[in-house]
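Notes for the one structure printed next.
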Amino acid sequence: MTARSLFVGGTSSNAGKSWMTTAICAWLRRQGVSVAPFKAQNMSNNSYPCRAGGEIGRAQVAQAEACGLEPEPAMNPILLKPCGNGRSQIVVNGRMWNTLSAREYYKCVEELRSHVLGAYADLASRFDVVVIEGAGSVSELNLRGHDLVNLGLVTRIRSPWMLVADIERGGVFASVIGTMQLLTPEERALCRGFAINKFRGDVSLFDEGVKILEERTGADCVGVFPHTSTVHLDVEDSLALDTRARSIPPRGARIAIVCLPQLSNATDFRLLTWADWITTPSPDHYDFIIVPGSKNTIADLQWLRRVGLADWIVSRHRLGATIVGICGGFQMLGGRIDDPSGVESTTPACAEGLGLLPVDTTLTDEKQTRIVKARLASGVTFGAYEIHVGETTLRGGEAFRPFATFEDGTTDGMWAPGAIGTYLHGALESAEVCTELFGVSLATVAPKQEHYDRLADWFEQHARHLDLLGLRP
Amino acid sequence: MTTVGPQHAMRWIGVSLLAFVAAGMLLPFAGPSTLDWANVWHRQDPDWSILTNLRITRTLLGLFAGGALALAGSLFQSMLRDALATPYTLGVSTGASLGAVTAIALDLHMIAGVLGVWVGALAGAGVILFVVMGAARREGQLSSSSLLLAGIAINSVCAALILLLLSMSGFSQSFAISRWLIGGLDAVEWTTLAVYIAAVVVTGLLVIRQARQWNLLAVGEAWAATRGANVKRALVNGYVAGSMLAAITVALTGPIGFVGLVVPHLLRGRLRGDDRLLMPCSFLLGGVLLASCDAVGRTVLAPVESPAGAITAFIGGPHLIWVVRRGGQRG
């Protein structure tokens with residue numbers, strides 16, 4: 001194990017750990033450092049298949065991208081995908097391992113720890129720096145015994161670390177000072193400082209605050225980082241959705257995205273920064289309504305009916321809105337969805353879809369996971385990926401327009417008047433596909449690398465005491 | 001013509017108005033999911049949004065669309081002296097359907113910023129309006145019988161063209177066309193609903209104000225002419241107004257059958273065919289019938305919806321048989 005490492009922990013969930021880790025990765029890469037991201041355990045329904053096989057959390061995919069690397073399972077050895085009823089699918093080293101309740105999970109913690117340390121050792125042997133992201137708050141005292149992902153990991157690999165606090169939520173003094181006071185001497189010794197994140201307004205106004213925090217904690221402030229709306233990154237999971245950046249909707253492309261309770265792959269809509277996320281029927285006018293992927297299609301379809309959104313979508317479709325279904329959303333736009341072997345819910349189930357597309361779906365045990373290159377009818381090519389259980393079949397007829405065509409000539413989805421369905425995640429992450437589908441300009445959906453550069457600028461401009469982190473080449 | 005007394009008439013209008021208002025207030029609470037009153041009271045979602053953005057708009061559309069179709073039906077029945085005339089008899093509604101179906105088949109989603117189906121429906125209705133009037137005119141004269149014959153002929157041609165388009169369209173296109181042709185009520189946006197209601201109310205009032213003329217025409221054109229009616233102008237006005245009611249309704253809801261036939265008939269016997277009373281009552285009770293059928297349609301087979309058109313046809317079909325068995329009341 002040769003790499004230097006830095007662990008980024010938070011005072012709470014959504015403090016901006018993923019963001020900060022990505023920024024540090026982007027900054028280091030720009031300095032020519034060979035850097036890789038690592039997060040021991042993710043709880044997220046936003047997963048991504050790696051080209052070499054296996055799936056990992058999307059935040060690590062964005063971080064790998066910031067490092068200029070191909071994502072790989074070692075960057076996120078444990079992925080917990082909540083599937084309702086307090087149970088989660090456990091993906092270990094990119095492969096489905098088991099479906100467990102929290103209590104059952106804790107019993108397996110030693111076995112899982114060996115996987116985590118193995119994956120970290122693998123990365124550390126290949127890169128100069130590994131930037132490690134924590135999960136939630138670092139001071140969940142009751143969970144310390146089972147901890148694989150926060151300070152439990154830090155003390156095992158003896159990694160320097162920094163604390164990130166979200167000032168936007170308020171209580172930043174209590175959370176930073178409180179967190180520091182709850183550290184064990186060993187954890188405190190490894191701590192290099194704290195960062196104040198999501199500051200709005202003139203940063204110099206917080207100079208006094210920094211002084212107080214440094215005096216009370218005896219730790220250094222690594223920087224006061226302002227809130228920025230000019231960079232759009234993968235949101236780690238749907239918890240972060242309601243706090244994400246927004247922009248003004250372009251004319252003729254007002255978009256509503258249905259925020260399903262078991263939404264998966266929210267990152268599909270990263271470029272659609274002007275979209276509204278809705279959970280109830282809205283009085284507003286929308287040109288497009290998107291039904292995203294779901295971890296539990298039948299349960300989410302029942303939810304759509306319960307909250308009136310099913311009726312609302314069908315009404316709006318009739319009144320001219322184009323309905324776009326992705327993966328589970330595609331299945332919901334069709335007719336019947338059968339789950340004869342209880343793939344989603346332990347018992348066999350079936351449900352009637354919204355009937356906007358002439359297709360039916362049968363869920364099967366076999367999970368389809370692959371990365372593809374696809375082409376729209378207009379010639380736009382894009383990279384995308386599929387992760388789904390279930391086969392969707394047409395009710396008959398050959399003369400239909402597919403959503404996209406693959407290199408081998410096979411097709412995906414259906415592009416019908418007013419209703420579009422596709423299994424391809426990541427299609428809407430292509431700016432060209434967005435311009436084609438929603439009729440917006442390319443400038444509306446900015447390309448990715450520019451964002452990582454802006455993120456690196458943001459970090460460099462606001463960071464102080466950088467030497468403390470021990471990361472310079 | 002025998003007429004009902006003014007007291008009787010007021011009672012009918014009062015009861016119909018009461019039913020209309022009651023339907024508007026109660027039907028929004030009927031639907032596949034039961035609303036929680038406490039949530040509605042405290043304006044909490046999803047119940048509040050379901051009520052205000054789905055059920056109320058849909059009920060209002062049902063009330064006014066049913067009213068417009070029933071009024072157009074009773075207008076055409078009087079004008080053409082045909083007991084079986086409906087808003088669809090004179091071809092304009094089928095023309096609107098043909099326009100909408102053409103827009104779907106050609107994938108014209110938006111035309112100049114307006115929904116292609118709406119533009120198609122209104123353009124189709126407008127074209128057919130002129131075609132029927134042109135075809136019905138003989139030596140500059142227009143008679144109800146020539147209007148009826150031209151309407152029925154053009155109606156059949158439009159229906160045939162729709163079938164042709166349906167058979168020529170691709171799989172997903174024909175699926176979308178079939179969905180549209182089923183017809184049904186939807187939760188429209190408030191602004192669209194406001195424009196629609198305003199158009200229906202203004203046109204409806206203009207029609208009802210001319211009720212005396214329709215009464216005269218219902219007896220016979222020659223007879224109406226001797227009583228001071230300008231028969232040709234009345235026929236043109238009636239045709240245009242009835243067509244407009246039908247066309248804007250079809251543009252929003254797709255074709256919904258039988259409301260325009262059943263409601264005037266149910267009332268005609270009781271109200272002795274006096275259009276001054278028949279027309280407002282047809283409007284109000286037509287609205288009640290369609291909105292109620294829609295409430296039944298969205299509730300009985302939930303989550304699958306039965307289109308309001310199908311429910312009204314279930315009521316309309318047996319009623320038509322009943323009318324035929326009685327040998328018709330007029331015409």
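All figures in this text were calculated on a predicted structure; none of them were measured in a lab. Every chain is numbered from 1, with letters handed out A, B, ... down the list of sequences. Any value given below was found using the heavy atoms of this structure, including those in side chains, with hydrogens, waters and symmetry copies removed.
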Please flag which part of Arg318(A) lies under 4.5 Å from any non-hydrogen atom of chain B: side chain, backbone, both or neither. both
Where is the tightest heavy-atom contact between Val307(A) and Ile50(B), given as atom of each residue plus distance? O-CG1, 3.3 Å
Should Leu356(A) and Arg179(B) be marked as a side-chain contact (heavy atoms from CB on, under 4.5 Å) after you check the CA-CA gap, both sets of side-chain angles, and the distance that decides it? CA-CA 8 Å; Leu356(A) 302 178; Arg179(B) 270 189 63 84; 3.7 Å; yes
Rounded to the nearest 0.5 Å, how far apart are CD of Glu189(B) and CG of Asp284(A)? 8.5 Å
What pair of heavy atoms forms the shortest contact from Pro281(A) to Leu54(B), and how long is it? CG-CD1, 3.8 Å
Is it the backbone or the side chain of Leu304(A) that comes under 4.5 Å from a heavy atom of chain B, or both, or neither? neither
Top contributor to chain B contacts, counting heavy-atom pairs under 4.5 Å, from Ser282(A), Ala419(A), Ala310(A), Ala351(A): Ser282(A)
Give the member of Val188(B), Thr191(B), Thr52(B), Val117(B) that has the highest number of heavy-atom pairs under 4.5 Å with chain A. Val188(B)
So which part of Thr253(B) gets closer than 4.5 Å to some heavy atom of chain A, the side chain, the backbone, both or neither? backbone
Check: Ala187(B) main-chain N/O paired with Ser315(A) side-chain donor or acceptor under 3.5 Å: yes
Minimum heavy-atom distance between Phe175(B) and Gly355(A), given as atom pair plus value: CZ-O, 3.3 Å
Any idea which heavy atoms bring Gly320(A) and Leu115(B) closest together, and the distance? CA-CD1, 3.1 Å
Is it the backbone or the side chain of Trp48(B) that comes under 4.5 Å from a heavy atom of chain A, or both, or neither? neither
Separation of Thr57(B) OG1 from Trp312(A) CH2 (nearest 0.5 Å): 11.5 Å
Is it the case that more than 12 heavy atoms not belonging to Phe406(A) sit under 6.0 Å from its CZ atom? yes
Side chain, backbone, both or neither: which part of Thr279(A) has a non-hydrogen atom closer than 4.5 Å to chain B? neither
Thr280(A) and Ser49(B) have their tightest heavy-atom pair at OG1-OG, 3.4 Å
